[in-house]
Every structure is written in structure tokens, then in C-alpha cells.
Number of protein chains: 2
Amino acid sequence: MIRLVIAEDQAMVLGALATLLGFEPDLEVVGRATDGDAALALVRELRPDILLTDIEMPGMTGIDVARALASEGSSTRVVIVTTFARAGYLARARAADVRGYLLKDAPVEEVAGAVRAVAAGRRAIAPALAAMAWDAGADPLTDRERDALRLAEQGLSNKEIARRIGLSPGTVRNYLSEAAAKLGAGNRVGAGRVARLNGWL
Amino acid sequence: MIRLVIAEDQAMVLGALATLLGFEPDLEVVGRATDGDAALALVRELRPDILLTDIEMPGMTGIDVARALASEGSSTRVVIVTTFARAGYLARARAADVRGYLLKDAPVEEVAGAVRAVAAGRRAIAPALAAMAWDAGADPLTDRERDALRLAEQGLSNKEIARRIGLSPGTVRNYLSEAAAKLGAGNRVGAGRVARLNGWL
DNA sequence: CGCCGGAGGTGACACTTGTCACCCCGGCGA
DNA sequence: TCGCCGGGGTGACAAGTGTCACCTCCGGCG
């Protein structure tokens, strides 16, 4: 019997997934969470074989949870199920020792298959993802550039961004200009789009 | 027996929903679609009692489909299930004669309830949504402002936006400035954020 | 010790945006 | 007919942004 905790912020999807996976004879859903912090607590308490989690959730992301579990040597293996096919997410997931990465585009049956594969010590990466990761390359941004870009995305001016991250406005301009150049965009807005699309923000 | 077509672009969610609703004794899922155009074709062909649809899908949105059905006097009633609690979406849905509007945050059971209510001629609006629509007010943007904002969001310059929508760059500046003022933002980026958050884009 | 490299900063210049006042012109109702 | 919108446009100015060359500081490291 494979014991499973599921974390997913959309209650409807969580409920549906839990119910369907519960029908599988060899799977048992022992816990559910609707945010990252609850998921982490639940995994620590229940020590399931597998944590099946979304990435985008209130509080900790699924990747944050995976990283936390990895760093404390938890025996629970993590499978990520997410909406977004973004190369950067996959890269970060791999770094957090995530064993499975599926898209919500996939049929439900695939989830059960992936859970079994990962429980058996194998990996399960959606093929579309694997291909995309190949030709996407690594995140070219530095931490500072990422910070600046995240704020620029919200419409803040150089001056305001500078105040928030404790740099001078001129440096912020330089960073954003540099980021746009790296990402092949003409300005901060385009740079933000590209970075977000690739899962680099 | 209530006959149902479900449209939803995430195959996993579509499958889960269809399976679970199929278990309800009084509901029958007669068709599934993963994009708006397919959903419209399917509804025309099968004439179900209810179309349960997401908003954001490739091709036509769920609201577009609802509008098309309403304009051709279809007897199929539309229930929307979506991720986003955006007042503008709800307003447009109402204008398209949509009878139910739920969030994926809600538990699965609510969907069956809403489908039954709508099939019986009643309405079903998620309470959180109803409240939000109340204090959100109407979309303050003109069509031109919306067009310009949509392009500005992607990082295009005034000149490029002007070329695409056939106006002069100066006018585009005026529109974006006006839009930002209406939305209480300091610049086009902030204006884009606010508009998107409210479902006005 | 001296040098290097990277993080951060400055200043200058061109270009883009934001703001505002004002113009043109094709309806449309009085 | 007049007048008065309202959509679209112009021009000017201030502010913000993109680009680039060059500077400083500081922590390694040969």
C-alpha cells in the first residue's frame, strides 16, 4: 500500500484527485493540505511514502516544501503536479530532489502511474517537460536582477525599487537594463514576461 | 436525468470532474471538450441541459461560448467554473446569460449542487464572488484603452502599439495615461496589473 | 603585497513615457 | 443652422528609462 499526502490549493481539484486516487487499490490518501505550510507539517507528522503537490500555493510553494523535506532527510518522495510547463520550475524541482513532475494537462491515470513509479524508486517526468527543459537553458539572471525584475513587474519605478531592495536607483537601472539584454527584451516589461514564462521569477 | 457537457482545458481536471459527476445518480456526462470551439460544437450537436465550462481555454473562452449559445437561443444553460475570482469576469458572464458561476476553490460537491440548481431554473453564484462584484464597480475602461493596455502589457512601445491598432503614438500615450489615472496606477504597468486583476482585460 | 574580479554606484546622453492644454472634425439634438 | 460633444490628434515639457563608460570598494588569492 502506498501512503499519500496531497497538497493543492484549489479545493475542487484537491477533492477530485484525492477521491479518484483513493479508488486505486494500492494507493491510500492519508492526508490533504491546501497550502504549503500545512503540507509540510502533515508530511512531518504522517511520514507518507509520497507527497503529491502543486507548485503555486499560498505560503510555501511545492518546491519550497520539497526543498525543506530534502534538507531534513525525509524519506517521503515528492511528486509535483502543476499547470505550468516552465523550464525553470523543473530545474528548481530537480535541485530540490523532486522525483516526479507532471502537468495538469495529462490525464488522471498518469498520476497514479507516476506515483507508483516514484514509490518504486524511479522517476516520472512529463515528456513535454523533459524536451522543453533541454532547449531552454539555465536561468541567466542574478539574484539582484530577479529581485529588481519582480518589483518592476508590479509597476514600481526605479526609485521605489531601489528603496525596497536597498540599492541606488542607478544600479537598479543597470540591473534591469542588463536583465532585458540577457532575455532579449527591449525593456523591463518584456523582460518580466520572458522571465515569468520561463519560470525564472 | 440531467445531461451535461464539460469543457476544461486541463485534461486532469476535466477527467476528474467528469468521473466524479458521473457518479451522481441524476447526472450524466454526455460530452467533454478541452477548448471553447470544441465545446460549442459539442453543445450544438448534443443539446445537453447544462454546459459546465472553464473560462480560460485555448480558442474561445467559456464566456464566448456562453454568449454564442445565448445569441442562438440555445436551451442549454451555462455554468462556469473557474480559478479566478475577478469581478469583471462575473459581470461579463452575467451579460452572456450564464446561470452559475463557481470557483475551483469550492469543494466538488458544490458543483453538483450548482448544476442541479441551474437545471431547475435557479441561479448559483459563489457567495465570495457575489460580494466582490458588489464593491468592485464596473469596468471604467473604453475599448481603445483596453486594446492599448493589452499591448502595453507585453512590453510594446507607444509607437508599436500605435502601429498595431492604427492610431497615432500620441493618442496611445493619452489613452494609457488616462487608463492609469482611472485605475489609480502611476504608469501603464500598474494599470495593466489592476485591469487584469479585475478581469477587465 | 599587489592584483583581480565582482558588487554596487555615478554621470551623461538619448529616447520613451506621463501630463496637460489645446486643435480638428464629423455627428446629432435644439 | 448652430452648438456642443466625443473620438482622435498635436505639441511641449517634465519625469522616467535604457545604455554605456567609468569609478569605488572589498574580499579573495597567487
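Nothing here was measured: the structure is a model prediction, and the numbers come from that model. Just so you know, these numbers use all the heavy atoms, side chains as well, and skip hydrogens, waters and symmetry mates.
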request  = For C/dT10, take OP1 and OP2 only and decide whether either is under 4.0 Å from a side-chain N or O of A/Ser168.
outcome  = yes

note = A/Asp143 atom CG is separated from C/dG6 atom P, nearest whole Å, by 15 Å

query = How close or far is atom P of D/dG16 from atom CG of A/Leu156, stated in whole angstroms?
reply = 13 Å

key: Atom pair distance, as rounded to whole Å: CD in B/Glu178 and C1' in D/dG6   = 13 Å

ask   = Looking at residues at least two apart in the chain, or sitting in another chain, which of them share a side-chain contact (heavy atoms from CB on, under 4.5 Å) with B/Arg173?
value = B/Asn158

query = In whole angstrom, what separates A/Leu176's CG from D/dC20's P?
reply = 15 Å

ask   = Going from CD1 on B/Ile55 to OG1 on B/Thr82, what distance comes out if it is rounded to the nearest 0.5 angstrom?
value = 4.5 Å

query = Can you find a side chain N or O atom of B/Thr171 that sits less than 4.0 Å from OP1 or OP2 on D/dG9?
reply = yes

task = Give a yes or no on whether a salt bridge exists between B/Asp49 and B/Arg77, defined as a side-chain N under 4.0 angstrom from a carboxylate O.
result = no

task = Report the distance from atom CG of B/Leu183 to atom C1' of C/dG18, rounded to the nearest whole Å.
result = 15 Å

Between P of D/dC23 and CG of A/Asn174, the distance in whole Å = 15 Å

Protein-nucleotides 12-16 of chain C N/O pairs under 3.5 Å:
residue	atom	partner	partner atom	Å
C/dA12	N6	A/Arg173	NH2	3.1

request  = Let me know, please, whether A/Gly170 or B/Thr142 comes out on the 5' side of the other along DNA chain D by nearest nucleotide.
outcome  = B/Thr142

query = So, B/Arg67 and B/Asp97, do they make that salt bridge, N to O below 4.0 Å?
reply = no

request  = Taking only Lys NZ, Arg NE, NH1 and NH2, and the carboxylate oxygens of Asp or Glu, determine whether A/Asp147 and A/Arg164 approach each other closer than 4.0 Å.
outcome  = no

message = Could you check whether any side-chain N or O of A/Asp64 sits under 3.5 Å from a backbone N or O of A/Thr61, counting only pairs where one atom can act as donor and the other as acceptor?
response = yes

note = Rounded to whole Å, CG of B/Leu167 lies from C1' of D/dT10 at a distance of 14 Å

request  = Determine the contact category for A/Asn187: base if any of its heavy atoms lies under 4.0 Å from a base atom, sugar-phosphate if only primed atoms, P, OP1 or OP2 are that close, otherwise nothing.
outcome  = sugar-phosphate

ask   = Can you check the A/Glu145 CD to C/dG6 P distance for me, whole Å?
value = 13 Å

ask   = Does the distance from a Lys or Arg side-chain N to an Asp or Glu carboxylate O, for B/Glu153 and B/Arg193, drop under 4.0 Å?
value = no

query = Does D/dG9 have OP1 or OP2 sitting under 4.0 Å from an N or O in the side chain of B/Tyr175?
reply = no

